[in-house]
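All residue numbers in this chain count up from 1 along the given sequence. Treat the numbers as computed from the prediction; the structure is a model and nothing was measured.
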Amino acid sequence: MPSRIGCYAVRSAMRMFCTPVAIALLHSLVAAQERQQAALPSYWIKQLELPAMQELAMERLVGSGSKAVESLAGCLADPRPEIRLRAIRALGLLGKAGEPALSRILALESGKGRNMALAVESAVDAIRGGRGFILVADFADGKLVEIDGRGKERLILGGLTELRSGRLLASGNYLISTKDGVREVTLSGATVWAVADVVPHDAVRLTGGLTLIASGDSHRVFEVDAAGKVVWSYTDESREFRPVSCQRLLNGNTLIADYTLNDVKAGRVIEVAKDKRTVWELAWKQPAMAQRLADGRTLIVSHKPGRVQIVDKKGKTLQVFTDVDIPTFAQYLPNGHLLVGGEGFLRELDAKGARLWNKPMRWVGGI
């Protein structure tokens, strides 16, 4: 049996370690250990496997610079194509710092899919000093083009009426929004899926064959299944509602940029739940688009006066990009750079807003 002195010592130790000060110290040590772990590329390589974390993981890995190259290069041997694809894109965003992985990228069998082939070509171009490939929807000229790192255009699709958005799908097809509706088209231009009874401003392919569509002219954001049947719809009959961009968030909610025409000062960015409750709202003059970033910040493009801003959850402005003329669309990159396009231009700005590259274009609808 333990002695009374031994029992007293145990009880004293328990009382000592259960004090608020001791508990706070333990929490502090655990938090410090987690911060130390999260600073390692190996931690974010593991997070790269999780769909919900991949964007944030890419941002952290790219932010690690050359320290992350070897870890990312190791992912190129992963049997899962989605992991290889994410690693290739991250290496491309590292630019010249990704050069030690160049030979392994070139050795990949990229011909098995258009997405993989494009990712390889884009990463190689960026590592060799280019900008990588950019897919651009040219609203004014009605064409979807691929622009290489030196500004040379390759026509993907032409003859499109008011092309407002264009996205490359996992299948290698393209999802486009024009005055004639939303269409999924092949590289040869053949339409394989369409929703024609709408004038869309934005369309995003979701999982399971679902497609999210924002139509300012129809005053609604709605979701259709593979057969074109509407399975979810949102509008606001209490006010002028003109949605021009939409994004399905990881929590199932939908982020919408509402660009009013009759009262330009009454625009806003809202987050709407599946049950159509507005769970977040930010008054905003002429928001041309909004995008929720991986870490919870929100990127907002203001048409006039031209600016691109990043705000926190409370709507506080964290950063402003002003060298954006009259912007219509922007894409925030994991390396902190900004691709922005609008009336007459497409350009890249660095993390501080300095111009790195510029290409004249009539009117960029989407990037």
Phe133 backbone acceptor or donor facing Glu146 side chain under 3.5 Å = no
inquiry  = Within 45 degrees of the ring normal and closer than 6.0 Å to the centroid, is that where the cationic atom of Arg86 sits relative to Trp44?
reply    = no
query = Knowing that exactly one of Thr278, Thr254, Asn251 qualifies, which makes a side-chain hydrogen bond (donor to acceptor under 3.5 Å, both in side chains) with Glu271?
reply = Asn251
message = I'd like to know whether CZ of Arg277 has more than 12 heavy-atom contacts from other residues, nucleotides or ligands below 6.0 angstrom.
response = no
message = With a 4.5 Å cut-off on side-chain heavy atoms, are Asp258 and Trp284 touching?
response = no
query = If you measure only the distance, is there a donor-acceptor pair under 3.5 Å linking the side chains of Thr298 and Arg292?
reply = yes
request  = Using distance alone, with no hydrogens and no angle criterion, decide if Glu348 and Asn358 have a side-chain donor and acceptor under 3.5 Å apart.
outcome  = no
task = Please answer whether the main-chain N or O of Asn173 pairs with a side-chain N or O of Glu184 as donor and acceptor at a distance below 3.5 Å.
result = no
ask   = Arg307 and Thr322: side-chain donor and acceptor closer than 3.5 Å?
value = no
key: ring pair (Phe, Tyr, Trp, His ring centres under 6.0 Å) against Trp357, all qualifying residues, sequence neighbours excluded   = none
task = Give the C-alpha distance, both sets of side-chain angles, the deciding distance and a yes or no for side-chain contact (heavy atoms from CB on, under 4.5 Å) between Lys96 and Ile127.
result = CA-CA 4 Å; Lys96 292 183 179 180; Ile127 290 170; 5.8 Å; no
Polar contact flag, side-chain donor to acceptor under 3.5 angstrom, Gln309-Thr317 = yes
task = Give a yes or no on this: more than 12 heavy atoms of other residues, nucleotides or ligands lie within 6.0 Å of atom CD of Glu55.
result = no
message = Please say yes or no: joined through hydrophobic side-chain contacts below 4.5 Å, possibly via intermediate residues, are Val301 and Leu333 part of one cluster?
response = yes
inquiry  = If you define the side chain from C-beta out and look only at heavy atoms, does anything of Tyr174 sit under 4.5 Å from Leu144?
reply    = yes
request  = Please check if any side-chain donor atom of Thr260 sits under 3.5 Å from a side-chain acceptor atom of Arg242, or the reverse.
outcome  = no
message = If we ignore hydrogens and angles and just use 3.5 Å, is the side chain of Arg131 paired with the main-chain N or O of Ala126 as donor and acceptor?
response = no
query = Is NZ or CZ of Lys274 both nearer than 6.0 Å to the six-membered ring centre of Trp232 and within 45° of the ring axis?
reply = yes
request  = Indicate whether the side chain of Ser215 and that of Asp217 have a donor and an acceptor atom separated by less than 3.5 Å.
outcome  = no
task = Assess whether atom CD of Glu99 is packed by more than 12 heavy atoms of other residues, nucleotides or ligands within 6.0 Å.
result = no
